[in-house]
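First comes the structure, then the notes that go with it.
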Amino acid sequence: MAPGNRLTHGPRDILLSLLALLLIVGTPLLLTRACTFSPGAPQADPASAPRVDVTAGLSRAQAPFRVRVPSVPAAWQGNSYSSGRVDPNGRVVRAGWLTPEHFIQLSQSDAELTDLVSAEVGTLGLAKEAVTVDGTQWTVFPGRRDELAWVADVSGVRLLITGNATDADFRLLAAAATG
């Protein structure tokens, strides 16, 4: 067979070439463990998530309203804290926790309802329902992806809870934030 005649190469030759390329590329990836295989959905490892002292952050928060510091279960791991603006002239203080299986966040603000919900969940959908927890009425809005957003006004502060946590976790944080 002539070295330049590719018409005589068959499927066997193609498979051998692909195998050689796979060995050349795959060997360094396997040796450096730069690639992993995980069939199914991505898995979050709470141990590798950032840890944040949410209580300290909320206690030190500088805001034109009284920032609440809810007492949450010890199994909840604080993993985010931030503050910022809500256009056109509001402020927001956010704290997030990883529950044993989900994520939940409390936002506290002086912004208008429509501005806060739009800023925190990306859109303002129609309210789905109302939920009452310990005498406080929360309006439920659709959130990002499969999340919900609960909003209530308490003593001049607008509270918004969002995340993919269970209804029981939402109720627990709602009670802690208003108590």
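Since this is a predicted model, take the numbers as computed values, not measurements. Throughout, residue positions are numbered sequentially from 1 according to the sequence presented.
- You'll find the side chain of Val133 reaches within 4.5 Å of the side chain of Trp150, heavy atoms only.
- Side-chain atoms of Glu129 and Thr139, non-hydrogen and from C-beta on, never get closer than 4.5 Å to each other.
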Please report the C-alpha distance between Tyr81 and Leu58 in whole Å, then the side-chain angles of each, then the deciding distance to 0.1 Å, and finally whether the side chain to side chain contact (heavy atoms under 4.5 Å, CB included) criterion is met.
-> CA-CA 8 Å; Tyr81 170 81; Leu58 291 173; 3.9 Å; yes
For residues 156-167, which side-chain donor-acceptor pairs fall under 3.5 Å, sequence neighbours excluded?
unit_1: Arg158; atom_1: NE; unit_2: Asp153; atom_2: OD1; d: 2.7
unit_1: Arg158; atom_1: NH1; unit_2: Ala111; atom_2: O; d: 2.5
unit_1: Arg158; atom_1: NH2; unit_2: Asp153; atom_2: OD1; d: 3.2
unit_1: Arg158; atom_1: NH2; unit_2: Asp153; atom_2: OD2; d: 3.0
unit_1: Thr162; atom_1: OG1; unit_2: Leu148; atom_2: O; d: 3.0
unit_1: Asn164; atom_1: OD1; unit_2: Phe103; atom_2: N; d: 2.8
unit_1: Thr166; atom_1: OG1; unit_2: Asp169; atom_2: N; d: 3.1
unit_1: Thr166; atom_1: OG1; unit_2: Asp169; atom_2: OD2; d: 3.3
unit_1: Asp167; atom_1: OD2; unit_2: Arg171; atom_2: NE; d: 2.9

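- Of all heavy-atom pairs between Ala61 and Val93, the closest is CB-CG1, 4.1 Å.
- Note on Val151: it does not cluster hydrophobically with Leu173, by side-chain heavy-atom contacts below 4.5 Å among ILVMFWY residues.
- Side chains of Ser107 and Gln105: a donor on one and an acceptor on the other come within 3.5 Å.
- Remark: Ser155 OG to Arg66 CZ distance equals 7.0 Å, nearest 0.5 Å.
- Taking all atoms of both residues into account, the shortest heavy-atom contact from Ala130 to Gln137 is CB-NE2, 3.3 Å.
- Atom CZ of Arg85 sits about 10.5 Å away from atom OG of Ser109, to the nearest 0.5 Å.
- No continuous path of ILVMFWY side-chain contacts below 4.5 Å connects Val69 to Val92, so the two sit in separate hydrophobic clusters.
- With hydrogens and angles ignored, the 3.5 Å screen pairs a side-chain donor or acceptor of Arg144 with a backbone N or O of Glu120.
- Val117 and Val154 are members of different hydrophobic clusters when ILVMFWY side chains are connected at heavy-atom separations under 4.5 Å.
- Residues Lys128 and Pro142 have side chains in contact (heavy-atom distance under 4.5 Å, counting atoms from C-beta outward).
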Give the C-alpha distance, both sets of side-chain angles, the deciding distance and a yes or no for side chain to side chain contact (heavy atoms under 4.5 Å, CB included) between Val52 and Trp97.
-> CA-CA 9 Å; Val52 175; Trp97 295 267; over 6 Å; no
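- Grouping the Ile, Leu, Val, Met, Phe, Trp and Tyr side chains by contacts below 4.5 angstrom, directly or via other members, places Val121 with Val86.
- Rounded to the nearest 0.5 Å, atoms OG (Ser80) and CG (Leu106) are 10.5 Å apart.
- Considering every non-hydrogen atom in both Val54 and Gly96, the closest pair reads CG2-O, 3.7 Å.
- Using a 4.5 Å cut-off on side-chain heavy atoms (C-beta onward), Arg91 and Ser83 make contact.
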Test side chain to side chain contact (heavy atoms under 4.5 Å, CB included) on Ile104 and Trp76 and set out the steps.
-> CA-CA 9 Å; Ile104 194 164; Trp76 289 18; 3.8 Å; yes
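- Between the side chain of Thr99 and the backbone N or O of His102 there is at least one donor-acceptor pair closer than 3.5 Å.
- Heavy-atom minimum distance, Pro70 versus Ala177: CB-N, 4.0 Å.
- A distance of 10.5 Å separates CD in Gln108 from CG in Leu116, rounded to the nearest 0.5 Å.
- Expressed to the nearest 0.5 Å, how far CG of Asp110 lies from CG of Asp115 amounts to 10.5 Å.
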